[in-house]
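Let me begin by presenting the structure, written as structure tokens, before commenting on it.
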Amino acid sequence: VNSDEAAMFWEEQMPLLEGNARDIYIKVYGEERYNKYNDIPADTIHGGVPPSHIRPSELRAKAKTMPFYHRWEYDAESISWTMYSALLRVTPAGFTEQPKDISAVDLTDIWDILQKHVIPDRPRKVDTRLALLLNGGEIVLTALPPCMAPVGELLLRTIKHVLPSYPLMAEPPPHDDHLHEAMKRLILQYLVDNRDTPIPLIPHQ
């Protein structure tokens, strides 16, 4: 369980699909499944209930007493960071790096952040990856070429869903695959919204 204070803020509700993305989802999975994961009542997060009137120090103490077991959330989190790392390595076709287009410094900073992250054998105060969310996640966006801005927005939204420590909620999300569902919806909405603007990549780079 992540006991960093920044991971104790649950703000991203289950994404709601719009337009054709919602139509496709309903056609494939049905409206009952779609509604199953939505945040109703509106004050829940992924169906879970954030703790109220509990100080961060108390939540950190609670995290230290909770036994570890593998949660489905961790698989979804790993997928999101793997997707992020892979997209940092690709080069769009026709893209010529220019100082105004992409910051090599930002890219180096991100790799440094990712490489310093470890799965600790004891509680840590800071998850290095939280730095990616500073200034609204600007570093996530500026490390990608301008033509990949929509992908950057997708990555940023995904990161905001996977970082919180859902087990520390007063009532955790009722469905084990809630993060899988959130990521699936984000990706589906992105694919539908950008189906006419694909980003060709240079092979083997």
Side-chain angles (χ1 to χ4, degrees), residues 1-4 6-7 9-12 14-15 46 68 70-121 123-167 176-195 197-205:
V1 176
N2 192 340
S3 60
D4 299 320
F9 293 93
W10 301 269
E11 299 177 348
E12 295 293 324
M14 182 61 62
H46 286 213
F68 174 82
H70 187 79
R71 300 173 61 91
W72 288 27
E73 294 158 3
Y74 305 150
D75 293 332
E77 182 180 0
S78 296
I79 291 170
S80 71
W81 289 114
T82 300
M83 180 172 68
Y84 183 31
S85 299
L87 287 170
L88 285 172
R89 296 174 181 269
V90 303
T91 303
F95 173 68
T96 302
E97 185 171 340
Q98 299 291 338
K100 66 178 180 179
D101 293 330
I102 187 169
S103 170
V105 174
D106 284 341
L107 190 57
T108 301
D109 287 345
I110 287 178
W111 281 120
D112 187 52
I113 288 169
L114 294 177
Q115 289 174 349
K116 285 182 177 179
H117 172 73
V118 297
I119 299 175
D121 56 1
R124 292 165 59 96
K125 292 184 177 179
V126 178
D127 183 336
T128 57
R129 298 172 302 179
L130 296 175
L132 296 172
L133 296 181
L134 296 177
N135 300 319
E138 181 179 343
I139 189 172
V140 174
L141 302 177
T142 57
L144 297 173
C147 65
M148 292 182 64
V151 181
E153 294 288 352
L154 169 64
L155 292 170
L156 184 57
R157 291 196 65 191
T158 302
I159 290 170
K160 289 181 178 180
H161 278 273
V162 304
L163 274 178
S165 290
Y166 294 94
D176 288 334
D177 60 345
H178 68 97
L179 270 183
H180 294 73
E181 177 70 16
M183 291 172 59
K184 177 167 64 180
R185 293 186 181 196
L186 291 173
I187 294 171
L188 174 59
Q189 189 73 61
Y190 169 83
L191 291 175
V192 171
D193 291 346
N194 296 276
R195 67 173 69 186
T197 55
I199 305 173
L201 303 179
I202 298 177
H204 313 300
Q205 287 196 21

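Numbering of residues begins at 1 and proceeds along the displayed sequence.
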Under the side-chain contact (heavy atoms from CB on, under 4.5 Å) test, which residues partner [X], sequence neighbours left out?
{"X": "Ala149", "answer": "none"}
{"X": "Leu88", "answer": "Tyr84, Leu107, Ile110, Trp111, Leu114, Ala143, Leu144"}
{"X": "Ile79", "answer": "Met183"}
{"X": "Asp176", "answer": "Trp72"}

Point to revise | Side-chain touch Tyr190/Val151, heavy atoms, less than 4.5 angstrom | key: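 With C-beta onward as the side chain, the pair touches.
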From [X] atom [atom1] to [Y] atom [atom2], the distance as rounded to the nearest 0.5 Å:
{"X": "Glu12", "Y": "Thr158", "atom1": "CD", "atom2": "OG1", "value": "10.0 Å"}
{"X": "Leu155", "Y": "Leu87", "atom1": "CG", "atom2": "CG", "value": "5.5 Å"}
{"X": "Ser85", "Y": "Gln115", "atom1": "OG", "atom2": "CD", "value": "9.5 Å"}
{"X": "Leu154", "Y": "Met148", "atom1": "CG", "atom2": "CE", "value": "10.0 Å"}

Exercise for review: Identify, with sequence neighbours excluded, every residue that meets side chain to side chain donor-acceptor pair (under 3.5 Å) alongside Asn194.
Suggested key: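 Asn194: no side chain to side chain donor-acceptor pair (under 3.5 Å) contacts found.
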Check your understanding: Can you name the side chain to side chain donor-acceptor pair (under 3.5 Å) partners of His46, sequence neighbours left out?
Key -> His161, His178
Review point. Which residues pass the salt bridge (Lys or Arg N to Asp or Glu O under 4.0 Å) test with Asp112, sequence neighbours left out?
Key: Lys116
Practice item. Identify, with sequence neighbours excluded, every residue that meets salt bridge (Lys or Arg N to Asp or Glu O under 4.0 Å) alongside Glu73. Key: Arg71
Point to revise | Contact list for residues 180-193, test salt bridge (charged side-chain N to carboxylate O under 4.0 Å, His left out), sequence neighbours left out | key: Arg33-Glu181, Glu181-Lys184, Glu181-Arg185
Practice item. Return the minimal non-hydrogen interatomic distance between Pro92 and Ile199, and the atom names on each side. Key: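 Result for this residue pair: CB-CG2, 4.1 Å.
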Check your understanding: At their closest point, which heavy atom of Gly152 faces which heavy atom of Leu141, and how far apart are they?
Key ->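 In this case the closest contact between Gly152 and Leu141 is C-CD2, 3.4 Å.
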